[in-house]
Amino acid sequence: MENVRIIEVPLETIWRIRREVMYPGHEPDFVKLMGDDQASHLGLEVDGRVVSVLSLFPEGKRMQFRKFATLVDEQGKGFGTRLLSHVMESAAINGYEFIWCNARLSAISLYRRLGMEQKGGIFRKHGIEYVIMEKQLQ
């Protein structure tokens with residue numbers, strides 16, 4: 001049986017997984033975000049291996065999650081869903097009214113399954129198409 005837990009993850013691990021999953025071929029510094037040093041970084045660990053990560057950036061009563069990534073060989077197993085569901089529940093418990101992200105078009109169905117709705121139209125960043133997805137928590 002798998003030992004699964006959600007943990008705080010060091011930035012070095014966050015940056016490694018971001019690069020491996022989201023931006024292979026880019027320089028290591030490409031995956032670093034302004035504010036990473038102030039954000040919270042969570043991961044879902046399975047049998048001692050971090051397989052899914054995201055970073056949390058609170059803004060008043062709104063919580064933004066960024067750079068949500070699951071290792072390619074672990075995708076489709078529900079690990080990312082478990083991590084994001086935990087984050088949504090924790091944000092609600094801690095008084096946040098909304099949770100939101102800039103979602104790659106390829107991930108919209110995951111976010112919809114978790115109750116998020118699209119806000120606004122498509123925009124491009126670094127050649128990738130995104131939409132804003134959000135969910136009211138309170």
Side-chain angles (χ1 to χ4, degrees):
M1 181 170 207
E2 294 173 335
N3 179 20
V4 178
R5 63 188 187 135
I6 294 171
I7 61 170
E8 288 190 33
V9 179
L11 270 173
E12 293 73 23
T13 302
I14 293 291
W15 292 331
R16 178 183 53 80
I17 293 174
R18 282 181 190 169
R19 184 172 180 222
E20 181 180 326
V21 175
M22 304 177 86
Y23 303 105
H26 284 273
E27 294 299 317
D29 285 346
F30 185 81
V31 302
K32 296 178 180 180
L33 298 175
M34 186 182 313
D36 264 346
D37 58 336
Q38 302 297 316
S40 297
H41 306 282
L42 297 179
L44 186 130
E45 182 184 75
V46 179
D47 296 330
R49 179 182 183 220
V50 177
V51 301
S52 188
V53 297
L54 56 67
S55 299
L56 300 172
F57 295 81
E59 308 165 340
K61 291 290 186 180
R62 299 171 60 86
M63 176 66 73
Q64 181 185 21
F65 64 92
R66 298 182 70 184
K67 305 302 181 198
F68 178 34
T70 300
L71 295 174
V72 174
D73 65 328
E74 299 292 348
Q75 291 177 5
K77 299 178 182 178
F79 296 133
T81 299
R82 285 172 74 171
L83 177 58
L84 187 52
S85 294
H86 169 83
V87 165
M88 289 178 172
E89 290 168 16
S90 294
I93 288 168
N94 287 297
Y96 289 94
E97 295 175 359
F98 287 91
I99 191 163
W100 71 282
C101 71
N102 293 329
R104 290 180 183 216
L105 292 186
S106 60
I108 289 175
S109 62
L110 165 67
Y111 299 128
R112 283 194 176 129
R113 282 196 311 271
L114 291 170
M116 298 184 82
E117 297 177 358
Q118 181 176 334
K119 301 293 178 186
I122 296 171
F123 62 95
R124 294 179 72 84
K125 188 172 179 183
H126 303 296
I128 299 168
E129 293 184 320
Y130 295 87
V131 295
I132 295 173
M133 300 289 291
E134 77 173 19
K135 179 178 182 177
Q136 186 168 350
L137 301 172
Q138 303 283 333

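The figures here come from the full heavy-atom set of this structure, side chains too, leaving out hydrogens, waters and symmetry mates.
- Considering every non-hydrogen atom in both Gly43 and Leu83, the closest pair reads C-CD1, 4.1 Å.
- Nearest heavy-atom pair across Ile7 and Val50 is CD1-CG2, 4.1 Å.
- Put simply, the residue from Glu59, Gln138, Gln136 that forms a side chain to side chain contact (heavy atoms under 4.5 Å, CB included) with Phe98 is Gln136.
- Under the side-chain hydrogen bond (donor to acceptor under 3.5 Å, both in side chains) criterion, Asp37 pairs with no residue, sequence neighbours left out.
- Arg16 forms no cation-pi arrangement with Tyr23, by the criterion of a distance under 6.0 Å to the ring centre and an angle within 45° of the ring axis.
- Ser85 places a side-chain N or O within 3.5 Å of a backbone atom of Thr81 that can act as its donor or acceptor partner.
- Residues Gln118 and Ile132 are not in side-chain contact: their nearest non-hydrogen atoms beyond the backbone lie 4.5 Å or more apart.
- With respect to Arg66 and Asp36, no salt bridge is recorded, no charged nitrogen being found less than 4.0 Å from a carboxylate O.
- Considering all non-hydrogen atoms of both residues, Phe57 and Gly35 come closest at CE2-O, 3.6 Å.
- A side-chain donor-acceptor contact under 3.5 Å links Ser55 and Arg18.
- Proximity of Tyr130 to Arg124: side-chain heavy atoms (C-beta onward) are nowhere separated by under 4.5 Å.
- Taking 4.5 Å as the limit, every side-chain heavy atom of Trp15 sits out of range of all side-chain heavy atoms of Phe30.
- The 12-atom threshold is exceeded at NZ of Lys77, counting heavy atoms of other residues, nucleotides or ligands nearer than 6.0 Å.
- With a 4.5 Å cut-off on side-chain heavy atoms, Val4 and Glu45 do not count as touching.
- Considering only heavy atoms from C-beta on, Lys119 comes within 4.5 Å of Glu117 through its side chain.
- Leu84 has its side chain within reach of Tyr111: a pair of non-hydrogen atoms, C-beta onward, lies under 4.5 Å apart.
- A donor-acceptor pair under 3.5 Å links the side-chain atoms of Arg19 to the main chain of His26, judged by distance alone.
- The backbone N or O of Thr70 sits less than 3.5 Å from a side-chain atom of Gln75, completing a donor-acceptor pair.
- Atom CD of Glu20 has more than 12 neighbouring heavy atoms from other residues, nucleotides or ligands inside a 6.0 Å radius.
- A 4.5 Å side-chain heavy-atom check between Arg62 and Glu134 finds at least one atom pair inside the cut-off.
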